[in-house]
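Worth saying up front: this structure is predicted, and the values here are computed from it rather than measured. Atom set for the values below is all heavy atoms of this structure, side chains included, hydrogens, waters and symmetry mates excluded.
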Amino acid sequence: MLSSTADLAIRPLSRLFRALADETRLRMVALLTHGELCVCHLEEALALTQSNASRQLAILRATGLVDTRRDGSWVYYRLIDQADPAVQSVLAEITRAFGAERKLRSDLVKLRKSCGPDACK
């Protein structure tokens, strides 16, 4: 049986793995490794409805993986550095592996097509 101290030590990793257990959220994190993105870019690249994108992003935000910035009526999301070194290490390793995944590369291509001057207008 784990002690309460051990439980606390693995809680941040447990939250990370629960957040990334969903394919849509994993794909969002993969795209956010390239920098801050407007929610409309994520919707377009992943072919999501606004409500689905917002729901998934809210989970990532509640987990502490992403933060937001508002600019007028647009909300921009970005990955944030993790305070827990184990979480930061695991997240860094996972994001390094994203480049080898065909579906994630395809998402990036769609993202690049959807981003451009005045894309959020």
Side-chain angles (χ1 to χ4, degrees):
M1 181 161 221
L2 292 175
S3 71
S4 61
T5 304
D7 290 343
L8 291 175
I10 64 168
R11 192 165 291 144
L13 281 172
S14 176
R15 282 195 311 266
L16 172 70
F17 290 131
R18 279 195 309 265
L20 297 181
D22 179 85
E23 180 181 332
T24 299
R25 291 191 298 268
L26 186 63
R27 292 169 66 196
M28 286 177 159
V29 169
L31 291 176
L32 289 168
T33 63
H34 298 280
E36 182 180 69
L37 295 170
C38 177
V39 67
C40 68
H41 295 136
L42 293 165
E43 291 170 20
E44 182 73 24
L46 301 177
L48 298 173
T49 63
Q50 186 277 328
S51 61
N52 189 7
S54 292
R55 183 174 56 252
Q56 301 304 331
L57 287 163
I59 292 169
L60 292 174
R61 189 170 183 201
T63 305
L65 289 176
V66 301
D67 199 7
T68 61
R69 174 181 66 83
R70 185 171 283 283
D71 185 8
S73 61
W74 302 106
V75 178
Y76 292 86
Y77 288 83
R78 65 178 175 83
L79 290 177
I80 56 176
D81 291 333
Q82 300 298 303
D84 185 284
V87 171
Q88 185 66 33
S89 176
V90 168
L91 191 56
E93 191 57 39
I94 290 170
T95 58
R96 267 194 282 283
F98 287 155
E101 296 300 319
R102 176 181 290 152
K103 181 63 178 170
L104 298 176
R105 285 194 317 262
S106 171
D107 291 344
L108 183 58
V109 167
K110 287 189 259 178
L111 174 70
R112 287 185 175 147
K113 286 181 182 177
S114 73
C115 292
D118 304 321
C120 297
K121 301 220 183 226

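- The main-chain N or O of A30 is found under 3.5 Å from a side-chain atom of T33 such that the two form a donor-acceptor pair.
- Here the side chain of D71 pairs no donor or acceptor atom with the backbone of W74 at under 3.5 angstrom.
- Atom CG of L13 sits about 6.5 Å away from atom CG of L16, to the nearest 0.5 Å.
- The two residues A45 and D107 make their nearest non-hydrogen contact at CB-O, 3.8 Å.
- Residues V39 and Q50 are not in side-chain contact: their nearest non-hydrogen atoms beyond the backbone lie 4.5 Å or more apart.
- Salt bridge status for E36 with R69: present, with a side-chain N to carboxylate O gap under 4.0 Å.
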| request: Might you work through the side chain to side chain contact (heavy atoms under 4.5 Å, CB included) test for L46 and L31, ending with a clear yes or no? | output: CA-CA 10 Å; L46 301 177; L31 291 176; 3.9 Å; yes
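- Under the 4.5 Å side-chain criterion, counting only non-hydrogen atoms from C-beta, L37 is not in contact with Y76.
- The two residues Y77 and L32 come nearest to each other via the heavy atoms O-CD2, 3.4 Å.
- With hydrogens and angles disregarded, a donor-acceptor distance shorter than 3.5 Å links the side chain of T95 to the backbone of L91.
- Rounded to the nearest 0.5 Å, atoms CD1 (I59) and CZ (R15) are 14.5 Å apart.
- With values rounded to the nearest 0.5 angstrom, L60 atom CG is found 12.0 Å from T68 atom OG1.
- With contacts defined as side-chain heavy-atom distances shorter than 4.5 Å, the pair Q56/M28 qualifies.
- Residues R78 and D67 form a side-chain contact, since some pair of their non-hydrogen atoms from C-beta on lies under 4.5 Å apart.
- Inter-residue side-chain proximity for L111 and E44 is flagged as unmet; no heavy-atom pair is nearer than 4.5 Å.
- From T63, atom OG1 reaches atom CZ of F17 across 13.0 Å, with rounding to the nearest 0.5 Å.
- Of all the heavy atoms in E43 and A53, the pair that sits closest is CG-CB, 3.7 Å.
- Residues L42 and L48 form no side-chain contact, since every pair of their non-hydrogen atoms from C-beta on lies 4.5 Å or further apart.
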| task | Go through the steps to decide whether R18 and S14 satisfy the test side chain to side chain donor-acceptor pair (under 3.5 Å), and finish with yes or no. | result | CA-CA 6 Å; R18 279 195 309 265; S14 176; 2.8 Å; yes
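- A distance-only check finds a donor-acceptor pair linking the side chain of Q82 to the backbone of I80 [under 3.5 Å].
- Contact check for L65 versus L20: side-chain heavy atoms found under the 4.5 Å cut-off.
- To the nearest 0.5 Å, atoms CZ (R25) and CZ (R55) are separated by 9.5 Å.
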